[in-house]
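Here it is: the structure, laid out below.
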Amino acid sequence: MPLLKVRLTGSEADAATVISVVHGVDGVERVEEVADLMPHMDDDDSSSAGLVDDQGSGGVHAIEIEVPGPHAGDEVRELIIRSAESLGMAVEFVDEF
């Protein structure tokens, strides 16, 4: 089964909303938030330290979605883009199938 990996940037509640929407797609086997293994290199001396984006109004949520095939994957991808946009979230597709 193809695996779609996505990073969402926004609140925990908004990420849960997107995950719930994806659960409703026929044929989707698994939708799961996983640990984000990407190292974050922020430090106290960073030029962006203390800016609003660093203070927790949103976080990065790594999501894995098992889809039955490329057609369903395209449908899920479009649904995620529309849902994230309506919630004011940023979305990044990490791996394509």
Side-chain angles (χ1 to χ4, degrees):
M1 239 183 221
L3 185 65
L4 182 61
K5 294 183 180 182
V6 181
R7 280 194 201 108
L8 298 171
T9 303
S11 73
E12 191 73 35
D14 289 345
T17 299
V18 173
I19 290 170
S20 293
V21 168
V22 174
H23 271 292
V25 176
D26 287 338
V28 169
E29 294 292 321
R30 180 177 67 93
V31 181
E32 181 178 10
E33 185 167 2
V34 297
D36 184 9
L37 300 177
M38 183 177 158
H40 298 281
M41 303 303 228
D42 296 339
D43 60 29
D44 293 336
D45 293 337
S46 172
S47 63
S48 62
L51 294 178
V52 175
D53 288 340
D54 289 347
Q55 294 181 352
S57 63
V60 177
H61 307 275
I63 313 295
E64 288 185 352
I65 306 159
E66 285 185 19
V67 294
H71 178 68
D74 291 341
E75 179 184 344
V76 168
R77 181 183 165 94
E78 289 300 316
L79 183 60
I80 290 171
I81 290 169
R82 286 193 314 268
S83 298
E85 183 178 278
S86 72
L87 294 167
M89 301 181 80
V91 63
E92 175 187 7
F93 293 91
V94 181
D95 288 336
E96 299 294 329
F97 35 79

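Computed from a prediction, not measured in an experiment: that's the story for all the values here.
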query: Pairs in or reaching into residues 85-94: which pass salt bridge (Lys or Arg N to Asp or Glu O under 4.0 Å), with residues at least two apart or in two chains?
result: Arg7-Glu92

task: May I have all residue pairs that pass salt bridge (Lys or Arg N to Asp or Glu O under 4.0 Å) and include part of residues 18-35, sequence neighbours excluded?
output: Arg30-Glu32, Arg30-Glu64, Arg30-Glu66

- line: Separation between CG (Leu8) and CG (Asp14), nearest 0.5 Å, reads 9.5 Å

field: Gap separating the CZ atom of Phe93 from the CD1 atom of Ile81, nearest 0.5 angstrom
entry: 4.5 Å

query: If you measure from CD1 on Ile80 to CD on Glu75, what distance do you get to the nearest 0.5 Å?
result: 11.0 Å

message: Ser83: which residues meet the side-chain contact (heavy atoms from CB on, under 4.5 Å) condition with it, sequence neighbours left out?
response: Val18, Val21, Leu79

Considering all heavy atoms, the nearest Gly69-Pro2 contact: CA-CG, 3.9 Å

- prompt: Applying the side chain to side chain contact (heavy atoms under 4.5 Å, CB included) test to Ile63, which of Val91, Val34, Ile19 qualifies?
  reply: Ile19

